[in-house]
Amino acid sequence: MEPIYLTIALDTPLDRLFDYRWLPADGCPVPEIGQIALVPFGRQEIAGLIVGLSHQTEIPADKIKTVLAVRHQCPALSPQWIDLCRFAADYYQRPLGEVAIPALPKNLRVPKATSLDRNLKKLAKLQLAHEHDATPNQEPTLNAEQQAAVETIASTTGFASYLLYGVTGSGKTEVYLQTAARVLATNSQAQILILVPEINLTPQLEGNIRQRFSGIQIATLHSGMAEGERLLHWLAAHTGQARIILGTRLAILSSLPHLKMIVIDEEHDPSYKQQEGLRYSARDLAVWRAHQLGIPVVLGSATPSLETWQHAKAGRYRKLELRQRAVQSAVLPVVKIVNTEREKPSEGLTQRLVTAIRLRLEKGEQSLLFLNRRGYAPVIHCDACGWISNCTRCTAHLVMHKLDKKLRCHHCSFEQRIPRACPTCGNVDLQPLGRGTQRLEEGLKVLFPDARVFRIDADSTRLKGSAEAAFDTVHRGEVDILIGTQMVAKGHDFKNLTLVAALNPDSALFSQDFRASERLFAQLMQVAGRAGRAGQREGGNPSEVLIQTRYPDHPLYHALMAHEYPRFADDLLEERQQAAMPPFIYQALLRAEARELETAIAFLQTASQCEPVHAHAGITMNDPIPMTMVRVHNVERAQLLVESNSRPALQAFLKNWIAELRSMKVRVKWGVEIDPVDI
DNA sequence: AGCACGCCGACT
DNA sequence: GTCGGCGTGCTC
């Protein structure tokens, strides 16, 4: 019998596939495309994805190696799934294996199959334990707009993108769930994928889904899961057993053989963009996947990304608007601006804010102070000689953390004890500059000695599970004043919260990053939404949102006050169009890093002038520039922005360009990012 | 990217 | 004498 050769995709930056010989053994079936194979690669043994079978190979016989094992226990990945990976690989300009392999659970990729076998047995038990009845438990009555949205989405045939646009409290989640129920009811195998920005911050949604659909299997997929558990849930999705899959961005690359609808909650959220390795946008891949399968995709947000907003305006996405607040008696919070030029804050708080907090304390209601800066003070300095606490490895300040008496760099792992005296002049009077959440907490405890002040940020919730415990404390009403970073902006509704204040949001207004104001608006809107949901008691006043700012006339704050996202978004889009910026043009970023900035810049300079640049039309090549934070961990970085008004033109150029750069063999680390969001 | 090989510098 | 720095070469 002539040998069979398998073409296998491996997780390596080498832009090619690898052929292996397969030898039949007793009782071993011939491998199939889509199965996982264990192969020798160099001196390692790694897992690969079988993407081709053949009776011949161009690889010389002395080079070819033999497959070690094929994971027959695991059903093959479908051609559609491989095509999804292939699309992502092409679009983001990476080899197929670098997309497909990391998308699989680690325990599927290890030499031993023990975890796989164990979890397959567990999965079989789960199969038996479920009723497989997708009928939802008691569904709340929808208002007319919600009902219309459900009808529209559920009656979709083929591909359609929907923007479900509605403020916090307008009942988007209920639309997702009742639409899901309808889709599940029409097809006894149908699977629904629901993506959320961060699953740990939205346990309420997971609880709701499990409660509503208690008869079917629900899988969750996110990066915080243990490997065994991750494999179990992935297999539940892959075998079609799980009917609803709730996950973070990584779930968009999971295998879902009967996928019939995709929901992306808070579609504008930056965490849908992977920021390391394969820098994909889960939202964009979701739309592609829906198109590939001919199914609806629902993008929900109160502050849609400008990309999505523009798609809706152009009619490519259908806009479904929820204008009413679905929660009975809930009204929009009143947004007020406090001018900090006129009214100077003390300890970060204006008198008006202090008064507002005091009023809440008297009424037994909660206040939330939003300050997006953790630590005690962002920097310390010496009055005598001007020394400031800089990180020696990064272009960044060392942040003062008073509780553990440390200066800490938030960009590398560096930390040191807070020096007793100035390292340059010996002055013992070092001063903290600015204010982080810890310092705010300290000040509030002095100002309101009888109030229960509580802080939620990455430092206070470092331990696994402690974030959830912290939120529970707030929910139980054991907190009067809550201080939080952006962590508190997502997911949680605080029933007794009637005051939200943003202490110092201005820095984003003048950021180098043109997307900063779009993000700030979304963030403020989201924090504001934490209040005034179920919290409105009969006849009570609406919740209050106070924005402390030096720029009270900024259009962003005016739009926020007027609850006018559409006009704000339209204005931003107008600006973007005038200035030829996304979403009206397409971008890619070539980043380079080296010991010396000059080396990185020189590489980018060469790259910006190499042959493919001249061979392609319709490409705008900008100048190489140092990154805003030039040095991180003793590495200096620079970037080169490439633009085009044609996506295919940009794609074609990048393909040739990257091939050329690869052949250059330089001593800098570089990489290309498509559709960058942090510039 | 890993991983090994290989050839020069300061430690027990 | 060896441990270990990172240059360079290879992966079916």
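Lettering of chains follows the sequences in order, A, B, ..., and the numbering in each one begins at 1. What you see is a predicted model, and the numbers here were worked out from it, not measured in a lab.
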Q) Rounding to a whole Å, what distance do you find between A:W670:CH2 and B:dA1:C1'? A) 13 Å
**Q.** Chi angles and distances behind the ring pair (Phe, Tyr, Trp, His ring centres under 6.0 Å) call for A:H397, A:H411
**A.** CA-CA 9 Å; A:H397 297 312; A:H411 303 277; over 10 Å; no
Q: Starting from C1' on B:dA1, measure out to CZ on A:R662 and report it in whole angstrom.
A: 12 Å
Q: Give a yes or no answer on whether the side chain of A:H233 reaches the backbone of A:T220 with a donor-acceptor pair at less than 3.5 Å.
A: yes
Q.
Can you see whether A:Q292 engages A:Q80 through a side-chain donor-acceptor pair at a distance of less than 3.5 angstrom?
A. no
Q) In whole Å, what is the span from the CG atom of A:D11 to the P atom of B:dG2? A) 8 Å
Q: Would you classify A:R21 as touching base, sugar-phosphate or nothing, given that sugar-phosphate means primed atoms plus P, OP1 and OP2, and contacts are heavy atoms under 4.0 Å?
A: nothing
Q. Rounding to a whole Å, what distance do you find between A:I46:CD1 and C:dT11:C1'?
A. 9 Å
Q: Quickly work out the A:I101 CD1 to B:dG2 P distance and round it to whole Å.
A: 14 Å
**Q.** Interatomic distance where CD belongs to A:E593 and C1' belongs to B:dA1 [whole Å]
**A.** 14 Å
Q.
Whole angstroms only, please: what is the CZ-C1' distance between A:F18 and C:dC12?
A. 6 Å
Q) If you look at every strand shown and take non-hydrogen atoms under 4.0 Å, does A:F41 touch a base, only sugar-phosphate, or nothing? A) base
Q. How would you label the contact of A:P60 with the nucleic acid (heavy atoms, under 4.0 Å): base, sugar-phosphate, or nothing?
A. nothing
Q) Which comes earlier along DNA chain B counting from the 5' end, the contact point of A:P13 or that of A:R43, where each point is its nearest nucleotide? A) A:P13
Q: State, without any angle test, whether A:D513 and A:S511 hold a side-chain donor-acceptor pair at a distance under 3.5 Å.
A: no
Q: Please determine, by modelled atom types, if A:T57 and A:D19 share a side-chain donor-acceptor pair under 3.5 angstrom.
A: yes
Q | Rounded distance (Å) that lies between atom C1' of C:dT8 and atom CE of A:M664 | A | 18 Å
Q: Describe the nucleic acid contact of A:L14 in one word from base, sugar-phosphate, nothing, applying a heavy-atom distance below 4.0 Å.
A: base
Q | Selection from B:dG2, C:dC12, B:dA1 that lies nearest to any side-chain heavy atom of A:Q44 | A | B:dG2
